[in-house]
Amino acid sequence: MVSRTIPVDTFDLILFGATGDLAARKILPSLYRRFVAGQMPDDARVIGAARSDMDDKAFRKLVAKALSTYVAESKRDKKTIDAFLAQCSYIAVDAMGDGGWAELKASVRDEVVKAFYFSVAPSLFGPLAERLRSNGIACENSRLVVEKPFGTDLATAKKLNADLAASFDETQIYRIDHFLGKETVQNLMAVRFSNVLFEPLWNERYIDHVQITVAEPMGVGGRGGYYDTSGAMRDMVQNHLMQLLCLTAMEPPATFDPDRLRDEKLKVIRALDPIGPKDIVRGQYKATDTAPSYIEDAENPDSKTESFVAMKIGISNWRWKHTPFYLRTGKRMTKRLSEIVVQFKETPHSIFERDEESKANTLTIRLQPDEGMDLSVTIKEPGPGGMRLVNVPLDMTFADALGPNGEEIPDAYERLIMDVIRGNQTLFMRGDEVEAAWAWTDPIIEAWTERGDRPHPYTQGSSGPEEALALMHRDGRRWRDLGEE
Ligand code: NAP
C-alpha cells in the first residue's frame, strides 16, 4: 500500500505539562511516531513547558525515556530518536506566575503555526490562556489544544469556555476527545455517508435499537481519589459515549465542514429525552478474594460514586423516535472492549423457518480491540440438507483490510495532533456541544445526589450488575455478550 502520509506545514508545538504522565504516555510518543512516518517537517519544534527546572539536555533525556517506555521497539533506533530529540527543547514556565514567559516569547516563531497544548489540570487552562495573550505570544496562527475533563458540570464548563474565549477565538480551540481520533469513528461517517446501502435504512423503521459499550477490565486503583469525584457518568458518558451516540444518530451534514458536522451532533444532544430513574442503572464493583472493591480503591467507605452505568436513551426526532439507544460503560468488566452495535429489525415476513442461527442483521463498529466493522448477514448454510439459514459476518477488520504490508493504524492522538497543525477542527468538540452534553447530564447526577441511593454492587470480571441486564430484558432485548476475558 502506498503511504498516504501528507506533510503538514512547519510548526512550534508548545507542550504545557511536558513533564506529566499524559505527555509521556501519549503526546510525545505520538509526535515521535509522526516523525518516523515523515510527517513532521525538519524545522518543526516541540517546546516542552512546565515548572520543573531543567535544561534542554535534561528534557531530551526525559523524552527519550518516554519513547523507550511507550513506543514499540521496532519503531525505535538511536539515529531516529536523536534526530527527533534535536527538535525538542524546554523552557521552565509557571502557569500561575511570571517565570519563563519572556523566554517563551523569545523562543516561539510568529511566522509558523503555533500550537499550545494544555496537558495540565483544567484549573490552569484560564491562567495559561490569559498569559499567552497578555505576553503577546498568541497570535492569529495560534491553536489551543485542551485535554479532558472539560468541566465537571455545566457551570464549570461554561466558566472554562468563557476563560478560553477571553483570549482565543472558538476557531482556535481544539477540545480533545481521543475517541474521535479513532479510525473507526471516521469510518462510521465514511460508511454512513458514502455508501448508498446504509443511509436509507438508518432510522427507526429499520433499526430496532443501538447499543454502545465501553468496557474496561481495570479498576480505579491509583487514581481512585480523582475518580471518586467523577464517576462513570462524568468520566465516560458525558464525553466519549455521548460523542459516539451523536455520530451514530446525527443527520448527514451538508458538507464535511467541521462546523456543519458539529451542528448536526449538537442537534442530537438537544433532542435527547431526559432520563428517569427506571432507565438508568449504576453499579460499583465488589471485592474478590484477591482484588479490592471500588470502595477500597477509592478509599472512601461512604462512596456513592458509580464505577459502572447503563442507560436507555430516547431521541425525540423523526429519525429515531422509537429506536432506543442503550449505553453502558464500567470498570472491572470482563474485558477491554469499545463498540457500537446497530441492531436492525427482523424482516417483516420470513418465508424460511427461523431458528436461533438466523438473526436480524447487526452492524458492529469496533473501536477497540481490532478496530473495524462487521455486518452480520443471513445466508443459506452451504451443503445439502434444505434451507438452513446461518448468520455470517462480513468482516472488515481495518488492519487486515490494509494487508500485511499496509500502514499501521495510527494512534488517535497522532491523528488529532496533526489535525490541530492542519487547522482541522472536525474531530474536536465545540464549546456549545460540550455545554449541551453537560446540560443533559447534570439533572441525572443531581437526581442521584438528591436521592442519595447507592449504586448496585457487581462482580468483577462481569458485564455489570444484574439490574443492567434487566434494563434490556424488560424491553425483550439483550446486551451483546462481552465474551471471554
Ligand atoms: P500530571 O502527570 O499531574 O502532569 C501535570 C503537568 O502539569 C506536569 O507536567 C506539571 O509539571 C505541570 N504543571 C503543574 N502545575 C503547573 C504550573 N503552575 N505551571 C506549569 N505547569 C504546571 O497530569 P497528567 O496525567 O499528565 O494530565 C494532564 C491533563 O491531561 C489533565 O487535565 C488530565 O485530566 C488530562 N488527562 C490525562 C490523562 C492521563 O492518562 N494521564 C488522560 C486523559 C486526560 P511541573 O510540576 O513540573 O510544573
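One-based numbering, in listed order, for ligands and for the atoms of each.
- Across all non-hydrogen atoms, the minimal contact from Val281 to Ala468 is CG1-N, 3.9 Å.
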Can you give the donor-acceptor pairs under 3.5 Å from side chains of residues 35-43 to other protein atoms, not counting sequence neighbours?
from	atom 1	to	atom 2	distance (Å)
Gln39	OE1	Arg34	NH1	2.8
Gln39	NE2	Ile6	O	2.8
Asp43	OD1	Thr10	OG1	2.8

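- Atom 6 (C) of ligand 1 has its closest protein heavy atom at Gly17 CA, 3.6 Å.
- Leu482 has its side chain within reach of Thr213: a pair of non-hydrogen atoms, C-beta onward, lies under 4.5 Å apart.
- Closest to atom 47 (O) of ligand 1, if we only count protein heavy atoms, is Ser52 OG, 2.4 Å.
- Looking from atom 8 (C) of ligand 1 to the surrounding protein, the closest heavy atom is Thr19 OG1, 3.4 Å.
- Taking the six-membered ring for Trp and the full ring otherwise, the centers of Phe16 and Tyr117 sit at least 6.0 Å from each other.
- Within the set Asp53, Leu22, Ile27, Val93, the minimum heavy-atom distance to atom 20 (C) of ligand 1 is found for Val93.
- One finds no salt bridge joining Asp263 and Lys267 here, because no Lys/Arg side-chain nitrogen approaches an Asp/Glu carboxylate oxygen to under 4.0 Å.
- The shortest contact between atom 19 (N) of ligand 1 and any protein heavy atom is with Ala95 N, 2.8 Å.
- One option in Arg223, Arg25, Glu147, Lys26 has a heavy atom closer to atom 44 (C) of ligand 1 than any other, and that option is Glu147.
- There is a side-chain donor-acceptor pair under 3.5 Å between Asp297 and Tyr285.
- Ligand-side atoms of ligand 1 in range of Gly20: 2 (O), 4 (O), 8 (C), 9 (O), 26 (O), range being under 4.0 angstrom from any heavy atom.
- Shortest contact from atom 35 (C) of ligand 1 to any protein heavy atom: Lys148 O, 3.2 Å.
- Distance screen at 4.0 Å: atom 3 (O) of ligand 1 has no protein heavy-atom neighbour inside the cut-off.
- Contact between Leu266 and Asp432 at its shortest, heavy atoms only, is CD2-OD2, 3.5 Å.
- Salt bridge annotation for Asp77-Lys79: absent, with no cationic side-chain nitrogen under 4.0 angstrom from a carboxylate oxygen.
- Near Pro122, the atoms of ligand 1 lying under 4.0 angstrom from a non-hydrogen atom of the residue are 32 (O).
- Shown in contact with Asp94 at under 4.0 Å from a heavy atom are these atoms of ligand 1, numbered in order with element: 17 (C), 18 (N), 19 (N).
- Of the protein's non-hydrogen atoms, the one nearest atom 17 (C) of ligand 1 is Arg51 CD, 3.4 Å.
- Contacts of Asp110 classified as salt bridge (charged side-chain N to carboxylate O under 4.0 Å, His left out), with partners at least two apart in sequence or in another chain: Lys114.
- Under a 4.0 angstrom heavy-atom cut-off, His178 registers as lying outside contact with ligand 1.
- Residue contacts with ligand 1, taken as heavy atom pairs separated by less than 4.0 Å, involve Leu124 solely via side-chain atoms from C-beta onward.
- A donor and an acceptor atom, one from each side chain of Arg480 and Gln211, are nowhere located under 3.5 Å apart.
- Residue Pro149 has at least one heavy-atom neighbour below 4.0 Å for each of these atoms of ligand 1: 34 (O).
- The nearest protein atom to atom 32 (O) of ligand 1, hydrogens excluded, is given as Val120 O, 2.7 Å; this is a heavy-atom distance.
- In this structure, Arg175 is positioned above the aromatic face of Phe150, its NZ or CZ under 6.0 Å from the six-membered ring centre and within 45° of the axis.
- Scanning all protein heavy atoms for the shortest distance to atom 25 (O) of ligand 1 gives Asp21 CB, 3.6 Å.
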